[in-house]
2 protein chains.
Amino acid sequence: MPVERPRRRIPEATVARLPVYLRILIEQANEEVESISSDGLAELAGVNAAKVRKDLSYLGSYGTRGVGYEVAFLVYQIRRELGLTHDWPVVIVGAGNLGQALAGYGGFGQRGFPVAGVVDIDPSKVGSVIAGVRVRHIDDLDQIVQTRHVNIGVVATPPSAAQDAADRLTRAGVTSILNFAPVVLAVPNGISVRKVDLAVELQILSYYEQRRMGVGLQAIGSSDSGRGASA
Amino acid sequence: MPVERPRRRIPEATVARLPVYLRILIEQANEEVESISSDGLAELAGVNAAKVRKDLSYLGSYGTRGVGYEVAFLVYQIRRELGLTHDWPVVIVGAGNLGQALAGYGGFGQRGFPVAGVVDIDPSKVGSVIAGVRVRHIDDLDQIVQTRHVNIGVVATPPSAAQDAADRLTRAGVTSILNFAPVVLAVPNGISVRKVDLAVELQILSYYEQRRMGVGLQAIGSSDSGRGASA
DNA sequence: AGGCATTCGTGCGCGCGTTCACAAAGTCCG
DNA sequence: CGGACTTTGTGAACGCGCGCACGAATGCCT
């Protein structure tokens with residue numbers, strides 16, 4: 001079975017939008033919509049129609065001129081390109097508030113990222129069960145990663161422990177890390193890291209808020225954060 | 001007292017990095033470090049030194065050639081520019097798992113974003129107390145926003161309720177929204193929206209993982225996600 | 001005081017991503 | 001069957017942000 005090779009390198013910005021398109025397309029499919037135009041999809045995704053077409057063109061020429069894109073087929077293609085044709089088990093490091101919330105968050109497993117394990121360094125946390133997953137000691141990390149073929153690790157530790165968690169993850173063989181700790185992780189070359197930082201997001205909003213006030217007179221300035229959508 | 005005007009428009013990319021610099025600088029200040037060079041800060045932030053200098057130059061010429069930047073002063077300047085000289089109370093819509101976790105997350109209040117209120121549409125949730133904050137009904141949103149002078153709203157509802165939450169927030173006068181629901185929000189012009197989407201982040205990682213495997217032979221490709229740091 | 005080492009501030013070129021605009025390709029209808 | 005209409009796919013221009021490289025400014029040492 002010849003798994004088709006990725007056509008070309010897809011720009012980072014496009015990769016970041018594909019999941020959004022995918023979610024929308026799945027919604028449309030659930031509502032029995034069979035076909036959608038770049039215009040329609042653009043509106044739902046809050047972006048420019050030309051951008052949608054260019055983004056989708058990286059997957060191949062899967063549209064029909066005069067008609068649009070077949071929803072089901074597009075879902076399949078995006079899934080394939082994003083590597084979502086099979087599950088990616090993840091391991092969560094840190095069983096504190098955040099780790100527990102993440103483990104309990106249904107959207108994980110349902111979307112193809114089952115929780116292969118939750119580990120913590122604190123022996124008193126080991127053994128407790130969160131959302132059906134037993135917390136294990138961090139020393140078991142290697143074993144979990146290897147037996148469950150985990151490629152993605154989630155850092156949900158306090159800031160001070162985050163770098164150590166990342167080190168252990170990479171040493172265990174994990175090649176992608178999703179970091180929730182407000183820390184800049186140092187990782188070996190070739191390891192992907194994405195971070196989710198609440199405080200940073202709020203502070204960015206704060207900047208634009210302050211700017212709005214600073215101007216004081218006109219409230220026009222479209223100080224959109226760049227990731228927002230406007231009606 | 002003349003509150004200095006924002007000098008120029010600061011690029012979005014820079015605004016997104018300032019909070020990172022700020023956190024690092026505060027850490028350094030706590031460790032009694034009085035001065036730091038763009039090189040040093042760059043290393044800690046995992047970015048290019050020239051970028052650091054250019055970013056900081058948007059705030060003004062606050063460095064000393066041959067020496068570097070005075071940490072305490074830089075902290076003050078970044079704080080001022082980001083509008084962090086005073087608190088920004090936030091209101092959380094949705095008292096489910098996520099809403100509770102967010103309300104309980106200490107990093108909120110400590111970093112200048114106290115939780116002014118948590119609201120939910122479900123009467124059975126109203127009245128319960130989360131992390132010292134009593135959950136109120138969503139109909140009280142307007143009152144909370146006005147009496148507490150809230151500018152920032154957090155959407156922590158299920159996807160199906162997210163748009164309604166955003167509508168209510170903007171109607172109540174909120175001008176910035178942090179959206180945790182996997183939905184593209186439609187908001188009036190001039191409203192800032194930032195989103196935090198778990199599934200999207202994981203799917204982006206999935207893409208690069210799949211790519212790594214697809215290539216099959218070399219494991220070199222520096223498939224960094226663009227927001228990561230490498231050692 | 002003078003020279004040297006260090007580090008900032010920034011002009012400039014480059015590459016990426018966004019957007020426009022249009023030809024190509026297909027549908028639909030009379 | 002032909003012509004009008006719709007929508008895709010993409011070439012090209014534009015703009016932004018990144019990083020280099022270097023002049024300018026400051027501190028330090030002799």
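Below, each value reflects all heavy atoms present in this structure, side chains not excepted, and no hydrogens, waters or symmetry copies. Proteins come first, then strands; the chains are lettered A, B, ... in the order of their sequence lines, and each starts at number 1.
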Please state how far atom [atom1] in [X] lies from atom [atom2] in [N], giving the value in whole angstrom units.
| X | N | atom1 | atom2 | value |
| --- | --- | --- | --- | --- |
| A/Tyr62 | C/dA25 | OH | P | 19 Å |
| A/Leu74 | D/dT8 | CG | C1' | 13 Å |
| A/Asn48 | D/dC14 | CG | C1' | 14 Å |
| A/Leu56 | C/dT19 | CG | P | 15 Å |
| A/Asp55 | C/dT19 | CG | P | 10 Å |
| B/Ile10 | D/dG17 | CD1 | C1' | 15 Å |

Original post:
Any luck finding a side-chain donor-acceptor pair between A/Glu12 and B/Tyr208 under 3.5 Å?
Top reply: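 Per modelled atom types, A/Glu12 and B/Tyr208 side chains form a pair under 3.5 Å.
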
Inspect the surroundings of [atom1] in [X] and state if more than 12 heavy atoms from other residues, nucleotides or ligands are less than 6.0 Å away.
| X | atom1 | value |
| --- | --- | --- |
| A/Asp167 | CG | yes |
| B/Glu43 | CD | no |
| B/Glu27 | CD | yes |
| B/Tyr105 | OH | yes |

Just the table, please: protein N/O against nucleotides 3-7 of chain C N/O, every pair under 3.5 Å.
unit_1 : atom_1 : unit_2  : atom_2 : d
C/dT7  : O4'    : B/Gly66 : N      : 3.1
C/dT7  : O2     : B/Gly66 : N      : 3.4

Subject >> Sole candidate of B/Ile26, B/Thr14, B/Leu44, B/Leu56 that passes side-chain contact (heavy atoms from CB on, under 4.5 Å) when paired with B/Tyr21 >> reply: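 Considering B/Ile26, B/Thr14, B/Leu44, B/Leu56, a side-chain contact (heavy atoms from CB on, under 4.5 Å) with B/Tyr21 is found only for B/Leu56.
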
Find the distance between [atom1] ([X]) and [atom2] ([Y]) and round it off to the nearest 0.5 Å.
| X | Y | atom1 | atom2 | result |
| --- | --- | --- | --- | --- |
| A/Ile191 | A/Leu169 | CD1 | CG | 9.5 Å |
| A/Ile152 | A/Ile92 | CD1 | CD1 | 11.5 Å |
| A/Gln210 | B/His86 | CD | NE2 | 6.5 Å |
| A/Ile78 | A/Leu84 | CD1 | CG | 10.0 Å |

Subject >> Side-chain ion pair, B/Lys51 and B/Asp55, N-O less than 4.0 Å >> reply: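 Salt bridge between B/Lys51 and B/Asp55, a charged N being under 4.0 Å from a carboxylate O: no.
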
**OP:** For the helix from C/dA1-D/dT30 to C/dG30-D/dC1, measure the angle between the helix axis at one end and the axis at the other, each built from five pairs, rounding to 10°.
**Re:**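 Nearest ten degrees gives 10° for this helix.
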
Original post:
5'-most contact on DNA chain C: A/Val47 or B/Ser61, nearest heavy atom basis?
Top reply: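 Final value for this comparison: B/Ser61.
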
Listed pairs, N/O of protein and of nucleotides 12-17 of chain C, under 3.5 Å:
unit_1 : atom_1 : unit_2  : atom_2 : d
C/dC12 : N4     : B/Lys54 : NZ     : 3.4

